[in-house]
Amino acid sequence: MVKQKGKYYFEVQGKDAVRLDEKKSLTSIIDILDDYPEASEYAQKAKSNYDVGITLGFIGGGLVGWELGKVIGGGEINGVVLGSGLAIALVTIPLTSGFKNNINAAIGIYNKKSNEPVETTLNLGLQQHGIGMSFYF
């Protein structure tokens, strides 16, 4: 589950839950997910969607804002620039949706993989340095 308040953070389960529940930048979360190739693939797609969406949103919003500023200042509106800005801004909607779907898929894979049982071994008796007990995980 993705949540955002300033920086993104995720509700996760498993061994790294504390590490990921803290608010982090998207890049640092993707670095953590790199340990899981399937999750990393979705996370990289999400980052691409995010980067393109932010860029296009900034450009589209700037064009719309420029034209609205001209109207407020008493100038005439340029319909082509306003329409272009709106069209560019609307392209960000599917990109945002793609970001959320991909990052949720990555976190879902991460949660599933990190909750898998870890193989453990307990050895009692003679060890390398004498009699003792060793626990491997």
Scan the side chains in residues 92-99 for donor-acceptor partners under 3.5 Å anywhere in the protein, sequence neighbours excluded, and list what turns up.
| unit_1 | atom_1 | unit_2 | atom_2 | d |
| --- | --- | --- | --- | --- |
| Thr92 | OG1 | Ala89 | O | 2.5 |
| Thr96 | OG1 | Thr92 | O | 2.9 |

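- The side-chain hydrogen bond (donor to acceptor under 3.5 Å, both in side chains) check on Lys45 picks up nothing, with sequence neighbours excluded.
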Please tabulate, for the side chains in residues 71-87, all donor-acceptor contacts under 3.5 angstrom to protein atoms that are two or more places apart in sequence or on a different chain.
| unit_1 | atom_1 | unit_2 | atom_2 | d |
| --- | --- | --- | --- | --- |
| Asn78 | OD1 | Val80 | N | 3.1 |
| Ser84 | OG | Val80 | O | 2.8 |

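- Residues satisfying the side-chain contact (heavy atoms from CB on, under 4.5 Å) test with Ile59, not counting sequence neighbours, are Thr55, Leu63, Ile88.
- Counting heavy-atom neighbours within 6.0 Å of Gln44 CD, excluding the residue itself, gives a total above 12.
- Applying the salt bridge (Lys or Arg N to Asp or Glu O under 4.0 Å) test to residues at least two apart or on different chains, the pairs with a partner in residues 47-63 are Lys47-Asp51.
- Tracing side-chain contacts under 4.5 Å through hydrophobic residues (I, L, V, M, F, W, Y), one never reaches Val91 starting from Phe58; they form parts of separate clusters.
- For the pair Ala39 and Ala106, the tightest heavy-atom approach, listed with the atom from each and the gap, is O-CB, 3.3 Å.
- Put simply, CD1 on Ile109 and OH on Tyr42 are 5.5 Å apart, with the number rounded to the nearest 0.5 Å.
- For the salt bridge (Lys or Arg N to Asp or Glu O under 4.0 Å) condition, the pairs that include at least one residue of residues 58-69, sequence neighbours left out, are Glu67-Lys70.
- A search for side-chain hydrogen bond (donor to acceptor under 3.5 Å, both in side chains) contacts involving Asp31 returns nothing, not counting sequence neighbours.
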